[in-house]
Protein chains: 2
Amino acid sequence: MTDDPWVPPVVLLAVDLVILTLRESRLHVLLVERGIDPYKGSLALPGGFLQHDGEDITAAAHRELSEEADLDVEALSLEQFGVYGEPGRDPRGRVVSVAYLAIAPRLPEPSAGTDAADAGWQSADSVLLGDLELAFDHRRIIADGVERARVKLEHSALATAFCGPTFTITDLQDVYEAVWGISLDPRNFYRKVQKTEGFIVPAGTARKAATGRPARLFRSGPCTVLRPPMTRPAEAASVKE
Amino acid sequence: MTDDPWVPPVVLLAVDLVILTLRESRLHVLLVERGIDPYKGSLALPGGFLQHDGEDITAAAHRELSEEADLDVEALSLEQFGVYGEPGRDPRGRVVSVAYLAIAPRLPEPSAGTDAADAGWQSADSVLLGDLELAFDHRRIIADGVERARVKLEHSALATAFCGPTFTITDLQDVYEAVWGISLDPRNFYRKVQKTEGFIVPAGTARKAATGRPARLFRSGPCTVLRPPMTRPAEAASVKE
DNA sequence: TTAATAGTGTCTCTGAGACAATATAGT
DNA sequence: ACTATATTGTCTCAGAGACACTATTAA
């Protein structure tokens, strides 16, 4: 064993995006089908390696976000929530992946029945509980990301990021119910949300559905931290419906 | 411009440890003096590069923890809380650092006045507010780590990790006051802590200080998640004392 | 007895949970 | 009028905050 000067090992750095949205009042996550060989054909999170040596990690996450989904990147919430670098997780070598959580509002349908761009949205329940084949350790990353979203809904105004620019209180309640996987009392929810200063601000009256009283519209307010927080019921590990 | 096959850039991966403890009822962080040239002589967080190519990141954090402080690694709480990989943060090249938060109980003094090993413990206030010269972006990492500790104290039983195997309720209160930087009512604290099921369990009676009624001793209980959480007062950004 | 710290009791107010009642639209 | 949804009230109970009081030790 010679006395070579020690040099630190290098790793490949990647970003993975857990992009969540609501579809039919259920939490969905954006997945893509891998086109190249490690796990080719399997579903995986959007993401990839740093593009060039000087690219910032957050910038890479934003870039992937605008590549994979073509969303208004600036308006989206995007937050780092974990690092995954277990030695064996990628057969190509030592890959360390920084995981980001993004929340997207319900997008307008790509076209008519064109679920080609739509194919990527998968129900979070089926991904987490089902036997869907996922690449790498992406099932765990999704689980961690969803859990992070659940916690953030308690303490921040993140829920409004699931909605469009304006929304009704019922829309907002749907977000909480879908992400937490439980049912909430509409009356208590209404009271709570209204009382929380700066969470949502009025934005006119809606002309919405076919039947029933029209709901008031709101847009997200200035406050990002909810005080007091939204309280998640104790049995919030049960599955909805 | 030729059509070379694109290869992803590589980075050097490091871990940095924010090790917190209590000394004289004030929050302290462990810093070391850098011996080699980037920022040589400045204070920095304990940490370093991965040692070999197959080393797990968490394992590297544990290794650094037992190297820098020689603490009982198994007993310590150690949790990843962020990634710092801005391109310009290290003059040596592209270094991405995974930050860990560790909590250590008050250690027995290294010897008599031997503050050689003691020199590393710096007051968190002076580090965050002061003009102490810190290497890299370590001041921000410390700020993020301290903030993480503050939040975790609300929702988990982390506070007991600052104490020894047994402690009094006043000891525990000191932890909350030091980390949050506020004063708490001893009577309400007592009631709250006692009522929280599984947080702390009795462990005999103390024979403690020179004067006053001896306090009961406790050890940390089985519950790690506090329900309901400890509520941090609103003005918890003010400085204590 | 006094000093010093440990621990208990009480009152009030806010906020969560359960649930009834009213308002406003379309048909 | 009837149906469906939105919005407002009311009651009760748990828990936080403020504060007075009792208990147990050493000197």
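Note on naming: letters A, B, ... go to the chains in the order of the sequence lines (proteins, then strands), and numbering restarts at 1 for each one.
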> Given D:dA4, D:dT8, D:dT24, which nucleotide is nearest the side-chain atoms of B:Pro214?
D:dT24
> Over how many whole Å does the gap from B:Phe189 atom CZ to C:dT8 atom P extend?
14 Å
> For B:Glu133, is the CD atom crowded, meaning more than 12 foreign heavy atoms sit under 6.0 Å from it?
no
> Find the distance B:Leu184:CG to D:dC19:P and express it as a whole number of Å.
15 Å
> Please check if the side chain of B:Arg106 supplies one atom and the backbone of B:Arg23 the other of a donor-acceptor pair under 3.5 Å.
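It does not hold such a pair.
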> State whether A:Arg216 places a side-chain N or O below 4.0 Å from either non-bridging phosphate oxygen (OP1 or OP2) of D:dT8.
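Checking D:dT8 against A:Arg216, a side-chain N or O does come within under 4.0 Å of OP1 or OP2.
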> Can you measure B:Ile169 atom CD1 to D:dT24 atom C1' for me and round it to whole angstrom units?
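Rounded to the whole Å, the gap is 16 Å.
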> Measure from CG on A:Leu172 to C1' on D:dA6 and round the result to the nearest Å.
15 Å
> Reading nucleotides 15-22 of chain C 5' to 3', which nucleotides get B (base under 4.0 Å from a protein heavy atom), which S (sugar-phosphate only), which -?
-BBBBB--
> Report yes if a side-chain nitrogen or oxygen of A:Thr170 is closer than 4.0 Å to either non-bridging phosphate oxygen (OP1 or OP2) of D:dT5; otherwise report no.
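Result: no.
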> Parallel, tilted or perpendicular for B:His138 and B:Phe136, by the 30°/60° rule?
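The arrangement is tilted - the two ring planes meet at 30° to 60°.
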> So B:Asp16 and B:Tyr84, side chain to side chain donor-acceptor pair (under 3.5 Å) or not? Walk me through it.
CA-CA 10 Å; B:Asp16 281 314; B:Tyr84 299 84; over 6 Å; no
> Measure the distance from CZ on A:Arg227 to C1' on C:dT14 and round it to the nearest whole Å.
13 Å
> Would you confirm whether A:Ser25, through its side chain, and A:Asp174, through its main-chain N or O, come within 3.5 Å as a donor-acceptor pair?
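The answer is no, because no donor-acceptor pair under 3.5 Å joins these two groups.
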> In this structure, how many angstroms lie between the P atom of C:dT5 and the CG atom of B:Asp171, rounded?
14 Å
> Distance-only, no hydrogens or angles: does the A:Asp171 side chain make a donor-acceptor pair with backbone N or O of A:Thr168 under 3.5 Å?
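Such a contact is found between A:Asp171 side chain and A:Thr168 backbone.
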> If the condition is ring pair (Phe, Tyr, Trp, His ring centres under 6.0 Å), which residues does B:His28 pass it with, not counting sequence neighbours?
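Counting only residues at least two positions away or on another chain, B:His28 forms no ring pair (Phe, Tyr, Trp, His ring centres under 6.0 Å).
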> Rounded to whole angstroms, how far apart are CD on B:Glu197 and C1' on D:dA14?
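Whole-Å distance recorded here is 15 Å.
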> Round to a whole Å and report the spacing from OH of B:Tyr190 to P of D:dG17.
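Checked: the OH to P distance equals 19 Å.
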